[in-house]
Amino acid sequence: MSMTTTETDEVVKESTAPRTPSDQRERERLRRRAARRRGGGWWPYLFLAPWFVGLFGLTIYPMLDSLYLSFTDFDLLSPAKWVGADNYRRMFTDDPNFWDSVHATLVYVVVSVPLKLALALAVAMLLNRPLRGIGIYRAAFYLPSLLGGAVAIAIMWRQIFGGDGLFNDFLGWFGIKGQDWISSPDTSIYTLVLLAVWQFGTPMVIFLAGLKQLPKDVYEAAAIDGAGAMTRFSRITLPLLTPIVFFNVVLQIIDAFKSFTPAYVISNGTGGPLNSTMLYSLYLYKKGFTDLQMGYASALAWVLFLVIAGFTAVNFIAGRYWVHYDD
Amino acid sequence: MGHQISRRTLFRTASGMAAAAAIGGSLSACAGGTGAGTTSDKLTMTWWGSDDRHNAYKKALGTFQKSNSKIKIEERYSGYDGYFDKFNTQVAGGSAPDLLQMDTALVAQYARKGVIAPLDEYVGKSLDLTGFSKTLLAAGTVDGKLYGVPSGIGVNVLTANISGIKKLGLDEPDREWTWADLKAFAVKVNKASGGKMFGVDDGGGGTLQAFEVFAREKGQPFFSTDGTKLGFTSDTLQEWWEYWAEMRKDKASPGAAITSAAHNDLTKNGVVIGKTLLTFDSGVYGAGGAITDATLDFLPTPQGQWSGAREGNFVNGGVLLSATKASKHIADSVKIMSFFAQDKTAIKDMQLLRGIPPTEKARSIVSPDLSDTDKKSMDVADYISKRVGKATDALPAPAAPPKGADQIWDLLFQSNLAIAFGKKTIKAQLGQFFDQAQSILSQ
């Protein structure tokens, strides 16, 4: 009580003296904090409500539900039975198909992501110059990304790389007798990689936006100092672009891990031959919807979630050492 | 002056949020089901099949509605791919169809899980099954109760390209033939075509028309009667795979690449692309109309040439019609089943689109209008069912396959393919096959 009185006294006393700007700012800050504490009314939440409904109803709840299901034996048709960590144990110790799918997915991620990003960057640099009709070129290069997820493209891919497909016709011009690339367990995964690389449009557009932002004066200075094109690329473009590269790397890795449609369509839903195109998501789908092992499929989904989260965390940590921000 | 957002923060936040959204999608996309239930008073009927089958169903249902205008039917149809994936999701979401075309291979699973309804209380009343033989009804019977009305007789046959055989100057194999005859014939095809063609597609991974019959000829069923174990021995499977390894070596059968391409894709089947003259895949003629221009004929799966070989062929029930247990329209669904089983116009519309008609009466109704190939198909089915009926040493027709059966059939296919690609030896694959099969069956 006495404290408060003293304070008030001080304030009253001070009020006669000229206020310093710092006092005024302090007062303003306190008032704002108080307003914030009162919450500013309920109406902001009303505007956010549709998003919250979506977040809780369509994301958080299904996620928690699948976490629960991953500890059960659930066939969709009869009630889930609690089995503890049995699904996880089975996955790692008693399911060779699981390891086949892990292998196929890792090959897919490790090969397709770097190739796709390199191609995207190369094309972005080609398209980052004042050419007549450059907009048309950009659209043309972006097009595969728009079509890429489509079933029709995957079917076309199957035709192109099949035994009597377009690709072998092309090889035939040079007297090379090609094999059936889709139905050989040694090559089929690479047809999927090629399809992924072909859809370089999204990272390309992001690279292009990044390239447009790079300061021109640095290049001019470098050119005057006699730096060649390669030096300018490796010493200026790449370092300045690392935040964009990082963004693309993170997203493409996640996307590659989740890839489903091309593998499903190209292998006719089998993941074959010999599980060579059994991407993880496809295996998960087969377990859940074909073999009716929803509990097991949920466990697979959570392992995938943790693996992707792990990869992403490693990316963010490693990023500290190679990503340069221009603060 | 507000807080200055640095480039670093902006990028890190953006990357982080995009990453979180992308990762989260991997989970939520797979979980949950729709809560929508059946709200209308319509009876929903689903089936899979070819366009011909769709049209036949629709035509017959049109006739049915003329005399049953109170029953409103909603028809949903598709190909076989994804048909049961969708059905499972609908059952889980409470929006299952009332009446559906059911696969004989899956009826036991759905019956035991209580998804489909037993029909015994209707038999002889609103469900008229006059003329259906007991062996035929076994295809829809699970644990002594009837869960599905068979659409027709299904037998295991090889499909032969007759025009191709004649072009090479060869004779069509006799119906009474053995595995040794098949091999001799297939080698002749390769020689006569100058190495361009193979006699028969690789059956080493085939179950229904192939290995199951072979095992039965050895006196071993594919699954034990209670469905908890495999019914055949490792020796039997080894002999089978060795037979096919020799077939591939002698160019009687094509290599792994062709077998692999044709898996789940009829358009790449050896007979369709003109690489082989015989195929184990009944889909080439399948549900109405061939997908090849060649003249076709059908042969029973070969018999064993060893002493003591038993009759291995058997008769099953084509496809079934089943009603879901949660349906409010079971009585109406039963009326439709009965209509398809006995009504003259329905039988005429369906022809052989759901297998050889189940009763003597139905067969005599369709036979005048049949195409030549349809007639041959009916003839060989008749031939096989008579031979099986006369045989004294045949095992009983296989019981409805247990849960996980389709995984084991796929395992058989994949194992044979791994051997064909040279990725595994027969010995190594044998051990792995039995381990994995047992693990699947015990789940």
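In the text below, chain A, chain B and the rest are named by the order of the sequence lines, each starting its count at 1.
Contact annotation for Y110(B): only side-chain heavy atoms (C-beta onward) come within less than 4.5 Å of a heavy atom of chain A. For Q293(A), the part lying under 4.5 angstrom from a heavy atom of chain B is the side chain only. Looking at Y285(A), only its side chain comes within 4.5 Å of chain B, counting heavy atoms on both sides. Neither the backbone nor the side chain of I182(A) has a heavy atom closer than 4.5 Å to any heavy atom of chain B. Contacts between Q407(B) and chain A at a heavy-atom distance below 4.5 Å involve the side chain alone, from C-beta outward. Contacts of N268(A) with chain B are made by both backbone and side-chain atoms, with heavy-atom separations under 4.5 Å. D75(A) touches chain B through its side chain: at least one heavy atom from C-beta onward sits under 4.5 Å away, while N, CA, C and O do not.
The salt bridge (charged side-chain N to carboxylate O under 4.0 Å, His left out) pairs that include a residue from residues 277-300 of chain A are K287(A)-D291(A), where partners are two or more places apart or lie in different chains. The stretch residues 420-443 of chain B participates, sequence neighbours left out, in these salt bridge (charged side-chain N to carboxylate O under 4.0 Å, His left out) pairs: D186(A)-K423(B).
A distance-only check finds a donor-acceptor pair linking the side chain of T187(A) to the backbone of W181(A) [under 3.5 Å]. The backbone N or O of A80(A) sits nowhere less than 3.5 Å from a side-chain atom of D73(A) that would complete a donor-acceptor pair.
If you tally non-hydrogen atom pairs under 4.5 Å between each of G162(A), P96(A), S267(A), S188(A) and chain B, the highest count goes to P96(A).
Between R248(B) and D202(B), at least one side-chain N (NZ, or NE/NH1/NH2) sits under 4.0 Å from a carboxylate O, which counts as a salt bridge.
Closest approach of Y108(A) and L279(A) over heavy atoms only: CB-CD2, 3.9 Å.
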